[in-house]
Protein chains: 4
Amino acid sequence: MTDRPLRADARRNRERVLAAAQEAFAAEGLSVPLDEIARRAGVGAGTVYRHFPTKEALFEAAILDQVEKITAHARDLTTADDPGTAFFEFLEQLVLQGGVKRDLADALRANGGDYPRTVSRDLEAALATLLSRAQQAGAVRPDISVGDLLTIIKGIFLAAHDAGATPGLRERTFAVMTDGLRTSR
Amino acid sequence: MTDRPLRADARRNRERVLAAAQEAFAAEGLSVPLDEIARRAGVGAGTVYRHFPTKEALFEAAILDQVEKITAHARDLTTADDPGTAFFEFLEQLVLQGGVKRDLADALRANGGDYPRTVSRDLEAALATLLSRAQQAGAVRPDISVGDLLTIIKGIFLAAHDAGATPGLRERTFAVMTDGLRTSR
Amino acid sequence: MTDRPLRADARRNRERVLAAAQEAFAAEGLSVPLDEIARRAGVGAGTVYRHFPTKEALFEAAILDQVEKITAHARDLTTADDPGTAFFEFLEQLVLQGGVKRDLADALRANGGDYPRTVSRDLEAALATLLSRAQQAGAVRPDISVGDLLTIIKGIFLAAHDAGATPGLRERTFAVMTDGLRTSR
Amino acid sequence: MTDRPLRADARRNRERVLAAAQEAFAAEGLSVPLDEIARRAGVGAGTVYRHFPTKEALFEAAILDQVEKITAHARDLTTADDPGTAFFEFLEQLVLQGGVKRDLADALRANGGDYPRTVSRDLEAALATLLSRAQQAGAVRPDISVGDLLTIIKGIFLAAHDAGATPGLRERTFAVMTDGLRTSR
DNA sequence: GATGAATGAGCATTCATTCAT
DNA sequence: AATGAATGAATGCTCATTCAT
């Protein structure tokens, strides 16, 4: 009667693959060989492909969690009383949250042309709202687009990843960015 | 038997390789195949390896020139009358100069490994002077280190390259950065 | 515990697999992945293997039906009044019947290996009768054996499949074959 | 002064690869793994790719020799006095020449849609001339196109390959084909 | 010294077959 | 018995590096 007879195993494996992928992608970005991920997950390469049709798909799935949380947060702040505060709070959350996310950097690459544009659509939309409200409220310089903003964030991720564990670096980098984004007086 | 000026030949080859490498790396970053560089230089792959033990070594060498010029420029500005102006002028030169320098981005990377940390020593020193003078003059926020600054520049390069030919993006990004670097009023 | 008519279920499954295999093989030949057949049949790959030890075995089984029908037809015509007409009518039926039978082509292949030589024994026998009667009646050239004939039919199938949907091609090819088979005058 | 210093080696290898490819393709058609060819040639896979950019290219090259000879022969016969004899002589040469050519069969596949259409262009042209002259001379049935003819030849190759070494089979098959092609009286 | 040919490990992806549930 | 998940060997192709000439 229980209607998940052996799915349990598959789900376990799927999650192991996903976990391995998240870890690997977070640490090294898209360049991790898929076989490596399979090995870390303790499964054959074929198993990875059973769950994810493509390396790209695996990557998107590995990112999805993070992006969804971030997006949800952005949406919440969309209706905040103080658009300026909301905007900067969001950025702080995004940029300073977890560890160094090489994968997020790769995810945001999209613009250039090829990769996981899919994933970030909603996030981009929410961020656009956040940004324009903050601009209308006079809290953020008006000459900046969402694209610009994403590029800047991307840059911070990439650079911060490369810079490794330098203490306080992300915070200071973030401070420069936010100050640069405020309406110049 | 013939006693030709071999050294001259060798030097010429080295320079052709270097030039080809610079061009190729600037356009596409580290990912250019070495064979491609050899072909563009009109030499065999073996010749590249005679002069540079490794693709990495070639890359560092290809960057060196640029970095040296930039460094020289930084040193010149070190004694300028207006430290604030000098500082920002330098940044503008660095960030907005030629096309998208994918190689510089790649060059400023790599601390996880071991890469061009070597290369940029002198540049870093000159930039340190430029920065601290500008800070002492009250033109630049005091909570920023040279490392922070390099990270930020790196980020702009990487992100801008990925963003491709988006018009005005580098300029706006640059504006955010500079405004963020100024002493907050 | 439940004592369901398992055999019936199994038989149903076997037939669904077979039907799916026939359809798939007819359309694309041996190259269809077994998983695809399982999916079309609505069963798991394991089930396919329970009924057929090997992809090859499944293929032979999938062909068997058709071959048996063809064989039956051949046997019927064996006693026809006009052996010449019977022979050519049979060929027409065989070659021009349904769509392009990629599977029949693949079936008639494979002697290099070991394949359906098995399958076609009876067909070959019936066809032999048909042929020799037609030859004795003076309607078909006498220098041709059943093996030759099968090879020629095989060739038409293979070539026609590769040629795709070229209109009229099978008909013209067939015409050449039949004219070539008639007693030369 | 001799201006082929080490080309000798390369040429030798290229030829070994080509020879291995010809043998392998002739025996098994396009399906032979490229690595297998490399192994038979005693070289690494990379070496094969140095000489031929693609498996397809290697295949075309392996066929080229044969096709060129055949084409040359066809062209010669284009101006023969007796178009009918010329046509059938050509077919005989083509179909009965060497051993079983699985590769030629694959080469003629083109129609279906994807493969080495390139190679056979000239052959097709020459054959077209041969055919239409023979048709105008009343030696060959008028309802047949070059495409039909190529399909038929293709079929004979494929079928003959599958039929293996059956003695006289190709000859009899060929006889049926030629008789079927003659103007019916 | 230079050449460019050869190597071979590496990569993403597919698929027949096996096996735990 | 059935399921469908897992396996792992293949496959076409790329590229840093080595080496015979």
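Chain letters run A, B, ... following the sequence lines, proteins first and then strands; every chain starts at 1.
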Heavy atoms from C-beta onward define the side chain here; which of [options] lies closest to that of [X]?
| X | options | result |
| --- | --- | --- |
| B/L34 | F/dT17, F/dC13, E/dG1 | F/dT17 |
| D/K55 | F/dC13, E/dT13, E/dT17 | F/dC13 |
| B/N13 | F/dA6, E/dA2, F/dA16 | E/dA2 |
| D/P33 | F/dT18, F/dA1, F/dG12 | F/dG12 |
| B/A10 | E/dA2, E/dT14, E/dT18 | E/dA2 |

Do [X] and [Y] make a side-chain contact, defined as non-hydrogen atoms from C-beta onward lying under 4.5 Å apart?
| X | Y | answer |
| --- | --- | --- |
| B/E60 | B/L64 | no |
| C/N13 | C/V48 | no |
| D/L58 | D/V17 | yes |

Looking only at side-chain N and O atoms, does D/T47 come under 4.0 Å of OP1 or OP2 in E/dT7? yes

Does F/dA1 have OP1 or OP2 under 4.0 Å away from a side-chain N or O of C/R50? no

[atom1] of [X] versus [atom2] of [N]: gap in Å, rounded?
| X | N | atom1 | atom2 | value |
| --- | --- | --- | --- | --- |
| D/Y49 | E/dC11 | OH | C1' | 13 Å |
| B/R39 | E/dT3 | CZ | C1' | 16 Å |
| D/E56 | F/dT11 | CD | P | 18 Å |
| B/E28 | F/dC15 | CD | P | 11 Å |
| A/F52 | F/dA6 | CZ | C1' | 15 Å |
| C/D9 | F/dA2 | CG | P | 7 Å |
| B/I37 | F/dA16 | CD1 | C1' | 12 Å |
| A/R11 | F/dA6 | CZ | P | 12 Å |

With sequence neighbours excluded, residues passing side-chain hydrogen bond (donor to acceptor under 3.5 Å, both in side chains) with D/R16: none

Between D/E36 and C/V43, the residue closer to the 5' end of DNA chain F by nearest nucleotide is C/V43

DNA chain F nearest-nucleotide lookup for C/D35 and C/H51: closer to the 5′ end is C/H51

Electrostatic pair A/R39-A/E36, nearest N-O below 4.0 angstrom: yes

Both atom distances under 3.5 Å, Watson-Crick or G-U wobble: I'd like the secondary structure of DNA chain E as a dot-bracket string, with | for pairs made across strands. .||||||||||||||||||||

Looking only at heavy atoms, which two atoms of [X] and [Y] are closest? And how far apart?
| X | Y | answer |
| --- | --- | --- |
| D/K55 | D/L30 | NZ-O, 2.7 Å |
| B/Q66 | B/A62 | NE2-O, 4.4 Å |
| D/L34 | D/A45 | CD2-O, 4.5 Å |

Reckon D/G44 touches a base, only the sugar-phosphate, or nothing at all at heavy-atom distances under 4.0 Å? sugar-phosphate

Nearest nucleotide by nearest heavy atom, which residue falls closer to the 5' end of DNA chain E, A/V32 or D/G42? D/G42

I want to confirm an ordering. Mapping A/A45 and B/G46 to their closest nucleotides on DNA chain E, which one lands closer to the 5' end? B/G46

